[in-house]
Amino acid sequence: MQFSKGRVRGGGDGSGPSDGHHEARGPAPTDMPRDVPFDDPWYDALASGWGEAGTVAVPVPAARQGQGQRPEQDDDLAAAEVYLEVQRSPAFQEVRSRYRRFVVPATVAFFLWYVAYVVAATAAPGLMARPVVGAVNVGLLAGLGQFLSTFLLTWAYARHARLRRDRAALELRWDTQELTRGARGGAA
C-alpha cells in the first residue's frame, strides 16, 4: 500500500495500517471529491490543485458521437482516430511548442559548452593548466562547471516543465482519456 499526501493508496487487502479516518482502499468520503473516483490515475494530480476551474485551457476536439455500438476492431480504430484528432488539436500543438522552445536552445547551448570544454582541453592545454588558486587550475574549474551546468540545466528543465507544460499536458491527457472512453461506447 502506498501513501500519497496522507491518503492510503493502492490495492491492499484491508489489513494495512489505518489511522481511523481512512478506509483500507482510500480516503474518507469527506476527503475525496465526489466526481473523481479514487481509482482514477490522475487523482493525486487533481488533489494537488491541478485541473481547477480557474485555469484557461485550449479545447480538445470532441470525439464522434451517435455511432452506437461497434465491433471491437472498430473500437480500436475509433480510439486511434481520437488520438489523431488530439495530436492535430491546438492544445497538443501548444504543449509540443512549449517543449521545443525550451529543449532545442538548451540542448544547443549545452552541446556548445561541452564541445568548447573538450576543444579547449585538447587545443589549449596551456590555458587549461593555468593556475587560478593554489592547485586549482582553469581546466579543473571548467570540468566542475560541466557538472554544475548539468545540474542547473536539469533544474531549469524540471521548473519549465512544471510551470509551462505539466498542467496543460495533464488536462490534455485527461481529455484524451475521456474522448477514448467515449469513442469506445463508454467502455473502460
Group every Ile, Leu, Val, Met, Phe, Trp and Tyr by side-chain heavy-atom contacts under 4.5 Å, then state whether F102 and Y99 land in the same group.
yes
Quick one: salt bridge (charged side-chain N to carboxylate O under 4.0 Å, His left out) pairs with a partner in residues 120-141, sequence neighbours left out?
none
Q87 side-chain N/O to Q93 backbone N/O, donor-acceptor pair under 3.5 Å:
no
According to side-chain hydrogen bond (donor to acceptor under 3.5 Å, both in side chains), who are the partners of Y157, at least two apart in sequence or on a separate chain?
R165
Salt bridge (charged side-chain N to carboxylate O under 4.0 Å, His left out) contacts touching residues 101-127 (sequence neighbours left out):
E94-R101
About how many Å separate CZ of R164 and CZ of R159, when rounded to the nearest 0.5 Å?
7.0 Å
Applying a strict under-4.5 Å side-chain criterion to I, L, V, M, F, W and Y, I'd like to know whether Y114 and V138 cluster together.
yes
Are W113 and L153 connected, step by step, through hydrophobic side chains (Ile, Leu, Val, Met, Phe, Trp, Tyr) whose heavy atoms are closer than 4.5 Å?
yes
Is the shortest heavy-atom distance from the side chain of L172 to the side chain of S89 under 4.5 Å?
yes
Just verifying a value: how many Å separate R162 CZ and R167 CZ, rounded to the nearest 0.5 Å?
11.5 Å
Please list, chain by chain and in numerical order, all residues satisfying side chain to side chain contact (heavy atoms under 4.5 Å, CB included) with L140, sequence neighbours excluded.
V136, N137, L144
Between T176 and V82, what is the shortest heavy-atom contact and its length?
O-CG1, 4.3 Å
Would you tabulate the side-chain donor-acceptor contacts of residues 105-112 under 3.5 Å, counting partners in other chains and residues two or more places apart, or write 'none'?
from	atom 1	to	atom 2	distance (Å)
T107	OG1	V103	O	2.7

Membership question, hydrophobic clusters at under 4.5 Å side-chain separation (ILVMFWY): are V95 and W174 in the same one?
no
Which ILVMFWY residues can you reach from Y83 by hopping between side chains whose heavy atoms are under 4.5 Å apart?
none
d(D175 CG, L170 CG) to nearest 0.5 Å is 9.5 Å
With sequence neighbours excluded, residues passing side chain to side chain contact (heavy atoms under 4.5 Å, CB included) with Y117:
M128, A142, Q146
Donor-acceptor under 3.5 Å (S149 side chain, G145 main chain):
yes
